[in-house]
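Chain A is the first sequence line, chain B the second, and so forth, proteins listed ahead of strands; every chain is numbered from 1.
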Amino acid sequence: MTVDYLIELFSKLFDSPFVSFILAVSIAGIPLFVLMALNATVAVYVERKVSAFMMDRIGPMGQGPGLHAGPWGVLQTIADAVKLLIKEDTIPSSADKLLFKVAPFIIFIGAFLGIAVLPFSSVIQVVDINIGVFYIIAVGSVGVHGIVMAGWASNNKWSLYGAMRSAAQIISYEIPAGLSIIVPIMMTSTMNLQSMIEFQSGSIWGILPNWIIFNNPFSFLAFFIFFISAVAETNRTPFDIPEAESELVAGWMTEYSGFRWAVFFLSEYANMFVVSGLAAAGFLGGWLSPIPGLFNSPIWGLFWFFSKIIFLIFVMMWFRWTFPRLRVDQLMHVCWKVFIPIAMLNIFGVGIWKLIIG
Amino acid sequence: MTLEQIKNRLSDQFKSSIIKNENLAEHQVEIKGEDWFDVATFMKNDPKLSFDQLECITGIDTGEDGPLQTHYNLHSMEYRHKIEAVISHDRKDPKVASIEQLWRIGDWFERETYDMFGIEYTGHRDLRRILCPDDWEGWPLRKDYEAQESFHGIVVPKIKEEEGWE
Amino acid sequence: MGVVQGDQMVLNIGPQHPSTHGVLRLEVTTDGEIVSKITPHLGYLHRCFEKHAENVTYEQVIPFTDRCDYLASMNSNFGYVVAMEELMDIEISERVQYIRVIMAELNRVASHLLALGVYGLDIGAFTPFLYMLRDRERILDMFEYTCGARLLYNYMWIGGVSHDLPKDFVKICVNFLDYFEPQIEEYNNLLTFNKIFIERTADVGVIPAEVAISYGVSGPNLRGSGVKWDVRKDEPYSIYDRFDFDIPTGTGEFGTLGDCFDRYWVRMLEVTQSVRIIRQALKDLPEGDVFETMPKKIRPPAGSVYRRTESPRGDLGYYIVSDGTPSPTRVKMRSPAFTALSCLDEVSSGWMISDVLAILGSLDIVLGEIDR
């Protein structure tokens, strides 16, 4: 059910290609928007609860609407959102006002665009383009412009530090992430996410699903490098040095409040969703079921894809509440001296593996 | 070394610098202000005394008529012995050589005593107020201290004999 | 946008900043991430308790000492009353001595737990902090059960303590210790031996022993530099000479002797030693009246005393001058956190901003005590 399909459908009903295009795009786009908002809402609640259980607390709790935050605190995020929306939107007097206002939306666009090509199921995908992987990597790096703009425009030293750190970090970690995602591309000989997932159907010796992660030792390694780099790209602990709370107050977000800050938050969770989606599609068989040959209908596909994403997001939260934070130079050390060489060797390894074993 | 031995060693070296004062306790030794730096250098560097730790500097105001005093509690990590050196200052112009470069902690301790008593430690490289604001007036722990009326427009509360706090 | 000023940038860390542990302002000169000079500005919490003390009676000074080191109020009280008892030359009943040691050591555990947890927070690990606060809470509950207060106790009085122990205190305390000891293993697994934590702390902020002594650094910070100095053992006060415990010192286990990890690790080891002391004290706790040796009128003879005790932060000294009247002529507190902070500039020049906060956290300062 791609946008192309909808355009075709509407062009039969309406004469004007413009109208059918707008209709098709909004029908496809609005659910995505809702998905993003829902993702952030649920993820914030889950993050609160997960962190609470990991810390031996109970997290948000309450008896019902109006009394604290509803049963098990499910209304907590809504309360948070309302609070953020009605909060005063302060802009520092010495800030660069235009850049300051624009920056959150650039970050948001960078995160949002990626979702468009995620294959939610064998039939549900907004656009099925033949360079899907490349596209996600490309639009994913738009966000860093927003971060640098936010850091510069705030006219605050903490923000500037955060922005510089963030730029260095995201640009560096894109390299191992990109090099690792080349491994599935080489194995499947395609950048189209749907055909990549179809390649992974079947099983290895009838037990393991034929996912790329299990295909050979190099791709196994590539998955972990990709996932860790993805965590680093989303600026989460242990790589959260750009917003390191105990060092930089809140990094590049220091001066933001209210709705603009909420947009940052939304983008962070959207980013997590996109990179987890890419990892799931590229390495973990996308919408394929973990039991080879069973439960593979499109509806089940939706379920499997979301489960994989949610699991990866959970792992990211697990990281966050377990590990301390790295230092800037250590972070760069890990990237340039550990991940990039291994990722390059991986590419060689996979090439040779493909030559010999097929 | 016992206290007696330490005192003897000091008076052997600096006969004229040590002031006999009956009011002092056994562990205290009063030293002339102008010789203090030499005595302190000796106490730190002498291999038999080796006072490598400056525990504390206490400023004391002995009353409206009496002198201001600085008490240095010295301790040796090597021999585990200690002594207290006492310097008296003229109330009008309290001044003594700084030992900040001998014991690095002297830096902040002297700044604190300067802040509270206005004793000037000559040779200190960075003698500023440390706890009070830089433009505070007066020396708070002196007995004759009168708090200023207001500080940058903020009224300074004072104790009044009958009514209590203002 | 302002004028470009050259290579160096001045950054103000504080007075409101998540990891200055209070209201401290550090004026940091940086070149990019590298720090070249740090000027601490103190005094945001200055109340001049020393001046207050001159206007109140001796026993009224005790609540002021609470408010200096608010994380280890028992130890602050303890230092003052030990100094006062030395000045007045009075004997204290056995039960009071034991109760004081139990309370001081429990408070040491509580204070160290907070220090260790907050240190994890400074490095970026959130969870251990909550675990440690959870256990600290149980110690505070015991204090509340004993004297009604959770933070500022005013518990130790000159010649005695304000309340006798509740009847089942010993049982509760032993229960707590039995629960608590295995928890230390959990902290170690979660935080201490985490690779990232070691990377962040080992070899960072090394304080060599002679520098530490010259700066008057004391307590766990000094022992982290490998100097075996503990007032409880070397200048025993109260009844510490009766207990069997070790003084842990830094060994440079993962890096250099005197680095941040050593200071952290010494605190962790001290917690186990404190537990040992508490167990021994609970076992020997005698019966008796806690008010028995409390003097009716506190009027020490003219004279002065300087006494230091081992607070969780180091050598806590009190210089008390009396002129024979009911209120002191001078009370001076030698604050261990004050001396520890003074070496920050020397230790952290050349390190990165992240390391400066790691070093600051490892010194375990309490601003209430620094500013007094």
* Structure fact -> Correct closest heavy-atom pair for B/Lys143 and C/Thr329 would be NZ-O, 2.9 Å
* To do: Report yes or no: does C/Arg330 contribute a side-chain atom to a donor-acceptor pair with the main-chain N or O of B/Gly59 at less than 3.5 Å?
  => yes
* **Close approach to chain C in residues 126-133 of chain B, criterion heavy atom under 4.5 Å** => B/Arg128, B/Ile130, B/Leu131, B/Cys132
* Asked: Do you know which of C/Gly216, C/Ser218, C/Ser342 has the most heavy-atom pairs with chain B at a distance under 4.5 angstrom?
  -> C/Ser342
* 4.5 Å side-chain heavy-atom contact, B/Trp108 and C/Cys343 -> no
* So how far is it from C/Leu42 CG to B/Arg111 CZ, rounded to the nearest 0.5 Å? -> 7.0 Å
* Asked: Hey, are B/Glu112 and C/Arg334 close enough for a salt bridge, meaning a charged N less than 4.0 Å from a carboxylate O?
  -> no
* Asked: Where on C/Glu235 is there a heavy atom nearer than 4.5 Å to chain B: the side chain, the backbone, both, or neither?
  -> side chain
* B/Arg80/C/Asp234 salt bridge by N-O under 4.0 Å criterion -> yes
* Side chain proximity check, C/Arg308 to B/Cys56, heavy atoms < 4.5 angstrom -> no
* **Least distance between heavy atoms, B/Arg142 atom then C/Lys51 atom** => O-NZ, 3.3 Å
* Okay, side chain of C/Ser214, backbone of B/Trp103: is any donor-acceptor separation there less than 3.5 Å? -> no
* Structure fact -> What one should report as the nearest heavy-atom pair of C/Tyr215 and B/Ile105 is O-CB, 3.3 Å
* To do: Using non-hydrogen atoms and a 4.5 Å limit, figure out which bit of B/Lys82 sits close to chain C: side chain, backbone, both or neither.
  => side chain
* Between C/His46 and B/Trp136, does the ring centroid distance fall short of 6.0 Å? -> no
